[in-house]
Amino acid sequence: MADSPTICVTLGRERLHDLLVDHRRLVADGVRLVEWRLDWLTEPIDLAELFAKQPGPVIVTLRRPEDGGRFEGDEDGRLKLLREAMQAGADYVDLEEHAAAKIPRLGTARRIVSLHDFSGTPADLPALHARLAALDADVVKLATRANSTHDNTRMLRLVRDSRLPTVGLCMGELGSPTRVLALRCGAPFSFAATGAGAPLAPGQLSFRDMRSLYRCEQLSPATEVYGVIGAPIGHSRSPLVHNPAMNHLGLDKVYLPFLVPPDDLPSFLDDAPELGIKGLSVTIPHKESILASITDMDPAVRAIGAANTLVWKDSRIYAYNTDQQAALDSLAAATGQTTAEFRGRSALVLGAGGAAKAIVHGLRQSGAEVIVTSRTIERAEELAKAMGCRAIRWEDRHDGRPNLIVNCTPLGMSPHVNATPFEAGALKPGMIVFDTVYNPEQTRLLMQAQAAGCTVVSGLEMFLRQAARQFELFTGHEAPWQIMRDALRQSQNPGA
Ligand code: NAP
């Protein structure tokens, strides 16, 4: 096997025939290592048949239910099968601690001595590692549940500092980035799901994402790490636009989604340099709370009270807000007017959260007369007071006739695509309607506005512009605009 990091696809099938057929398909797709989860087979485990037809290098695993597997047979029978697999030609065999203590080195099979902890990440990982390594291990594998983002840091530190090849992964959504970053820290391989059906381990990524999106086989300790932090984070499109752009320019950088619960934010920022992080996008719920941890901020961030971009330079963290300029540029591009031409125009902003703050600030700077409305009137009043404009009650939003309406609420966002923050009957010809929601691109509000003769501005434009500006702050390179646009469109319509 080559020295570059390897993505091992975990394959669990009930029928032996299906296991071999799917393994062959994976080899054709370029998969270099497959884990046979023999505990998934519901028919007799015929090792002679399997190894006679083995399509490529394998790790043989036969887990008991207490270790997260499905093997229901007796323990002596399990150990016998593992011994036989080692002699039959397995490239690796996965031996839990107690099995490794009972099974000697046999044949040419390399010994992965493993430990799984589905409840948490033990405090003394180096001691645990030493215990497993002492069982004649060629590779130590630790898979533990991350209960905090700091568990990931401790696990990756172990992988980086171990002299024996070590696969250290944290399970669960919190731990998901370790499946990529372990390879950056020197793990010989990491595990991926086939992509078809549910992953076999919690937080596992698909082979396709690990290979094509995160380019795991090219990772090295020199690879710079970027990402987006938020909670929840699974829906974020940012990795889908930043990674193709980095790849297009041949940059040794990777961009990952990091689930960071509010309580973990300070420790995650402390750990960021050790994780190799050089820049982050920031999304809900951290855009405002992040300012408490940052001292170096762009004047716009201070004025808006929210940041969506962090850049590490010389051990300092700099905060930026690319939403404001992205929104103004999107408006200018769609209307053919410069932002100076917004002076004196009336704008109604729906919502009073992070996006609204950036847009109200930008519009005020351009000289527009802004009215803010929000479901929670206190938030609208607070924002209006800070920006020198007026707040109205949510129920009164249809009463005026503004030149511009901007939706800064999530109403209309997938999957609630039939929702809209503004009644169609109140949309008038000549109005400019800007929906910051970008998934779907054509929201109900925009479709109704178009039908009413309004000029429409899509949130997709704003999303791309804020991402492009972030990319420039992260890399110093001009953003490959078309690559990012195509990647985002493709992610919205995967079948297209
Ligand atoms: P946020 O800080 O959570 O603020 C959301 C705002 O929407 C609040 O004023 C909230 O009112 C209001 N709201 C939420 N659910 C509502 C409902 N069912 N009915 C009426 N009002 C509701 O979020 P944000 O960061 O400002 O983001 C808001 C939206 O902007 C996102 O969903 C996203 O689609 C969009 N966005 C787009 C871009 C882009 O680049 N295109 C960038 C950032 C954001 P309460 O205070 O009463 O909860």
Side-chain angles (χ1 to χ4, degrees), residues 228-233 235-238 240-242 262 281-291 304-309 320-331 333-334 348-362 371-384 386-387 391-398 405-423 433-446 456-471 479 484-485 488-489 491-492:
V228 54
I229 56 169
I233 203 60
H235 67 286
S236 175
R237 302 292 160 111
S238 295
L240 303 177
V241 297
H242 282 285
S281 309
V282 182
T283 187
I284 297 171
H286 302 312
K287 283 187 177 183
E288 294 161 61
S289 55
I290 196 103
L291 300 196
I304 296 164
N308 74 336
T309 312
Y320 302 87
N321 191 310
T322 68
D323 282 338
Q324 172 182 315
Q325 200 54 45
L328 290 185
D329 290 349
S330 302
L331 263 175
L348 174 66
V349 174
L350 309 167
K357 281 183 175 169
I359 292 178
V360 171
H361 183 257
I371 294 172
V372 188
T373 182
S374 179
R375 185 174 62 174
T376 310
I377 180 71
E378 291 78 14
R379 281 185 90 179
E381 283 170 343
E382 196 184 319
L383 174 55
M387 304 285 174
I392 59 169
R393 292 184 314 156
W394 183 247
E395 306 79 79
D396 300 335
R397 65 194 184 285
H398 301 108
I405 298 171
V406 190
N407 175 34
C408 296
T409 76
L411 288 167
M413 190 161 81
S414 176
H416 308 291
V417 293
N418 286 326
T420 172
F422 205 74
E423 280 171 18
V433 177
F434 178 8
D435 196 343
T436 65
V437 169
Y438 60 89
N439 181 23
E441 182 176 0
Q442 291 300 322
T443 59
R444 186 180 172 111
L445 172 64
L446 289 190
V456 297
V457 188
S458 127
L460 192 112
E461 250 343 275
M462 174 180 164
F463 180 81
L464 280 169
R465 286 175 194 275
Q466 62 79 31
R469 178 70 190 123
Q470 284 184 335
F471 186 87
M484 295 173 92
R485 180 185 289 273
L488 185 60
R489 283 241 162 87
S491 76
Q492 315 257 60

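Counting starts at 1 for both ligands and their atoms, following the listed order. The figures here come from the full heavy-atom set of this structure, side chains too, leaving out hydrogens, waters and symmetry mates.
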Checklist entry - Are Glu461 and Arg485 within salt-bridge range, i.e. N to O under 4.0 Å? => result yes
Please output the side-chain donor-acceptor pairs of residues 405-413 that fall under 3.5 Å, not counting sequence neighbours, one pair per line with the distance.
from	atom 1	to	atom 2	distance (Å)
Asn407	OD1	Thr409	N	2.9
Asn407	OD1	Thr409	OG1	2.8
Asn407	ND2	Thr409	O	3.3
Asn407	ND2	Leu411	O	3.4
Asn407	ND2	Asp435	OD1	2.8
Thr409	OG1	Leu411	N	3.1

Next on the checklist: Would you say CD of Gln442 has more than 12 non-hydrogen atoms from neighbouring residues, nucleotides or ligands within 6.0 angstrom?
Outcome noted: yes
Checklist outcome for this item: Contacts for ligand 1, heavy atom under 4.0 Å, by chain and number, are Ile284, Lys287, Asp323, Gly351, Ala352, Gly353, Gly354, Ala355, Ser374, Arg375, Thr376, Arg379, Trp394, Cys408, Thr409, Pro410, Leu411, Met413, Thr436, Val437, Tyr438, Gly459, Met462, Phe463, Gln466
Item to check | Separation between OG of Ser374 and CH2 of Trp394, rounded to the nearest 0.5 Å | outcome: 7.0 Å
Next on the checklist: Using 0.5 Å steps for rounding, measure from the CG atom of Leu350 to the OG1 atom of Thr436.
Outcome noted: 9.5 Å
Item to check | Check ion pair Arg469-Asp329 (N to O, under 4.0 angstrom) | outcome: no
